[in-house]
Amino acid sequence: MSEVRLRFAPSPTGYLHVGGARTALFNWLLARKQHGKFILRIEDTDVARSTQESVDAILEGMTWLGLDWDEGPFYQSDNFPIYREYVEKLLASGKAYKCYCSAEELEAKREAALKAGGKPKYDGTCRDLPDQPGKPYVVRFRTPHDGTSAWVDLIKGTISFENKELDDLIIQRSDGTPTYNFVVVIDDAVMGITTVIRGDDHVNNTPRQILLYEALEFPVPHFAHVPMILGADKTRLSKRHGATSVMAYRDMGYLPEAMVNYLVRLGWSYGDEEIFTLSDLVEKFSIENVGRSAGVFNPDKLLWLNAHYIKTGDPERLAQLVTPFLKQRQVDPATGPSLVEVVKTLQERARTMLELADGAIFYYNSDFDYDAKGAAKHFTAEAPELLGALVAKLEALPALTVEAIEQLFKEICEEKGIKLGQIGPAVRIALSGVTASPGIYEMIHVLGVEETKKRIERAVATIKP
Ligand code: GLU
């Protein structure tokens, strides 16, 4: 079997949005699964709307998601001479022709057709005209009047269009620049793309492209049109529904593996499994299992997956990833306990890296205020004595392990005839300022005896005898 070659072909007119990222992911997965090639092509023929900033944002998004490419990025703007060659070829063979109709003429024809209740389709005036040197022209493809253009879509099944419904497509504008449907065909053919996976907003373009492949005697690739992503109200996902940029999710504290896992499940399933790493996916993904109906973007599910990946994540990596968020909070992890140890106490409960960062602040900034309600309830008249006993026992410990700390609390409870609930919450507030925090043994373990003592003394100083 010859090599499979897939591509992602974004137009650099904005950031990488979740729909584009999912298309890229499906292409990448199929390429990796079939040991083929994944090619990145930047479709920047619309010079006015394409920006380098968007190119950078798209590359950044792909890199963040872990979608590496084997060839490219190629830029369509580098290929203008090649497109020109193929336009000439079609002109020479009579499969394309120069159209001299002015914009005003076309508009008048359009209106007349609409008035007559017909479809506003080019009427073919210039199909058989001789060359008219010096007159501005566009180049149109001579679309056959009969027959059908059909393909077996790998997601949607057989799709067929009557050729007579299709217009004589403009392939080159009057300024000499080629149009989207034309350059896509040239590039996909020249790059040897075997399967085109793209959004189903392109379904209407596909019959036109198939006719171009045939006219140029290129092999026609397979097509798979991915249903779009909807918001909760079943309209097309847009900014109204929340963030749609992939990188905005990074900035909101999402992990790339959660995003990948979420995006792939949005339209693809594998039994009732929910959790997939990239390498699971490379093994299990198939385009045939992508559903035909649109996926509804569910932020709660994404959050649930993110919490899963934080909980099970490597603390060293999470520590690295949380560092910029700590910096944003003016927290310097070098000034306190090991960030890796801190992360271990927080990853069980944090659903985003922002929550992880917020949860870590108290380890490094000890001049926090105490939760007023909690302090009023738990900083009791008896607390100083109990907290004092705790410090004394901590200082006498030969080794500060979580087990030894737990044991020590048991001893205090026995010796003082109290329940853990009579000392635990006071310790929690003294160490963290709040009533919901990591486990108290774990906190003491991470803070160390000296810092624990300092914090307890600070708390005791606020308690009126
Ligand atoms: N550049 C097109 C887009 O961003 C994609 C074209 C294609 O995949 O064929 O929608």
Side-chain angles (χ1 to χ4, degrees), residues 6-30 39-46 48-50 54 57-58 61-62 67 76 119-121 141 143 149-162 165-167 169-171 178-188 193 195-213 220-246 263-264 266-268 287 290-297:
L6 293 109
R7 50 60 162 191
F8 177 50
S11 305
T13 54
Y15 49 71
L16 181 64
H17 56 85
V18 290
R22 188 181 56 155
T23 302
L25 175 62
F26 286 175
N27 277 292
W28 184 91
L29 283 171
L30 210 61
I39 296 151
L40 182 58
R41 182 173 78 225
I42 305 293
E43 304 215 313
D44 59 348
T45 48
D46 186 346
R49 293 180 60 221
S50 302
S54 300
I58 291 166
M62 304 265 300
L67 307 180
Q76 285 187 325
K119 255 189 157 183
K121 206 181 126 188
F141 177 64
T143 303
S149 294
W151 73 98
V152 181
D153 195 275
L154 299 180
I155 295 173
K156 293 177 181 281
T158 299
I159 301 182
S160 156
F161 286 79
E162 297 287 331
E165 298 294 320
L166 307 173
D167 224 337
L169 185 76
I170 296 177
I171 59 174
T179 58
Y180 159 73
N181 275 301
F182 182 66
V183 296
V184 154
V185 168
I186 305 300
D187 283 333
D188 284 339
I193 301 302
T195 303
V196 170
I197 305 177
R198 61 184 170 200
D200 68 0
D201 47 334
H202 287 289
V203 164
N204 284 335
N205 290 323
T206 305
R208 297 172 169 84
Q209 294 178 11
I210 290 175
L211 288 170
L212 284 166
Y213 279 102
V220 181
H222 298 291
F223 291 98
H225 288 92
V226 183
M228 62 172 124
I229 301 178
L230 305 178
D233 59 358
K234 306 284 162 70
T235 63
R236 196 190 174 116
L237 187 70
S238 73
K239 280 186 191 151
R240 286 182 301 114
H241 300 103
T244 55
S245 148
V246 165
L263 287 177
V264 80
L266 198 56
W268 171 84
I287 198 75
V290 173
R292 289 185 184 191
S293 49
V296 176
F297 194 82

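- For the atom pair OG1 of T23 and CZ of F8, the computed distance is 6.0 Å after rounding to the nearest 0.5 Å.
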Mind running side-chain hydrogen bond (donor to acceptor under 3.5 Å, both in side chains) on R7 and T195 for me, showing each step along the way? CA-CA 8 Å; R7 50 60 162 191; T195 303; over 6 Å; no

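- N204 has its side chain within reach of R208: a pair of non-hydrogen atoms, C-beta onward, lies under 4.5 Å apart.
- Distance alone, capped at 3.5 Å, is enough to place a donor-acceptor pair between the R22 side chain and the L266 backbone.
- Contact record, P227 with D200: CA-OD2, 3.3 Å, taken as the closest heavy-atom pair.
- You'll find the side chain of R41 reaches within 4.5 Å of the side chain of D187, heavy atoms only.
- Expressed to the nearest 0.5 Å, how far CZ of R236 lies from CG of D201 amounts to 5.0 Å.
- Residues P12 and E43 come closest through the heavy atom pair CD-O, 3.2 Å.
- Within 6.0 Å of the NE2 atom in H241, the count of heavy atoms belonging to other residues, nucleotides or ligands exceeds 12.
- The main-chain N or O of S50 is never found under 3.5 Å from a side-chain atom of S54 such that the two would form a donor-acceptor pair.
- With hydrogens and angles ignored, the 3.5 Å screen pairs a side-chain donor or acceptor of R292 with a backbone N or O of I155.
- V296 approaches A232 most closely through the heavy-atom pair CG1-CA, 3.9 Å.
- Closest of all the heavy-atom pairs between P10 and L40 is CD-CD1, 4.0 Å.
- Interatomic distance, I210 CD1 to S149 OG, rounded to the nearest 0.5 Å: 6.0 Å.
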Stepwise side chain to side chain contact (heavy atoms under 4.5 Å, CB included) check, V18 with L237: CA-CA 9 Å; V18 290; L237 187 70; 3.3 Å; yes

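- A 4.5 Å side-chain heavy-atom check between I171 and V183 finds every atom pair outside the cut-off.
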Under the criterion side chain to side chain contact (heavy atoms under 4.5 Å, CB included), I'd like the reasoning laid out for F26 against R198: C-alpha separation, chi angles, the key distance, then a yes or no. CA-CA 9 Å; F26 286 175; R198 61 184 170 200; over 6 Å; no

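- Taking the side chain to side chain donor-acceptor pair (under 3.5 Å) definition, one finds that N205 meets it with N181, H202, sequence neighbours left out.
- Considering D188, L6, L154, V184 as possible partners of V196, the one that fulfils the side chain to side chain contact (heavy atoms under 4.5 Å, CB included) test is D188.
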Apply the test side chain to side chain contact (heavy atoms under 4.5 Å, CB included) to residues I39 and I193: give CA-CA distance (whole Å), side-chain angles for both, the deciding distance (0.1 Å), then the verdict. CA-CA 9 Å; I39 296 151; I193 301 302; 3.8 Å; yes

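- Annotation: side chain of I159 is not in contact with side chain of T206 (no heavy-atom distance under 4.5 Å).
- In this structure, the separation between CG on L30 and CD1 on I197 is 5.0 Å, given to the nearest 0.5 Å.
- Residues that satisfy the side chain to side chain donor-acceptor pair (under 3.5 Å) test with Y15, not counting sequence neighbours, are T244.
- Residues L25 and L67 are in side-chain contact: their nearest non-hydrogen atoms beyond the backbone lie under 4.5 Å apart.
- Within the 4.5 Å cutoff, no side-chain heavy atoms of L16 are placed close to those of S245.
- The two residues A21 and V246 make their nearest non-hydrogen contact at CB-CG2, 3.5 Å.
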F141 and L212: CA distance, side-chain angles, deciding distance, side chain to side chain contact (heavy atoms under 4.5 Å, CB included) verdict: CA-CA 8 Å; F141 177 64; L212 284 166; 3.6 Å; yes

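- Using a 4.5 Å cut-off on side-chain heavy atoms (C-beta onward), K156 and F223 make no contact.
- Expressed to the nearest 0.5 Å, how far OG of S238 lies from CD1 of I229 amounts to 12.0 Å.
- Remark: the R240 side chain and the T235 side chain contain an N/O donor-acceptor pair separated by less than 3.5 Å.
- The shortest side-chain heavy-atom distance between V220 and W151 does not fall under the 4.5 Å cut-off.
- Formation of a donor-acceptor pair under 3.5 Å by the D44 side chain with backbone atoms of Q76 is found in this model.
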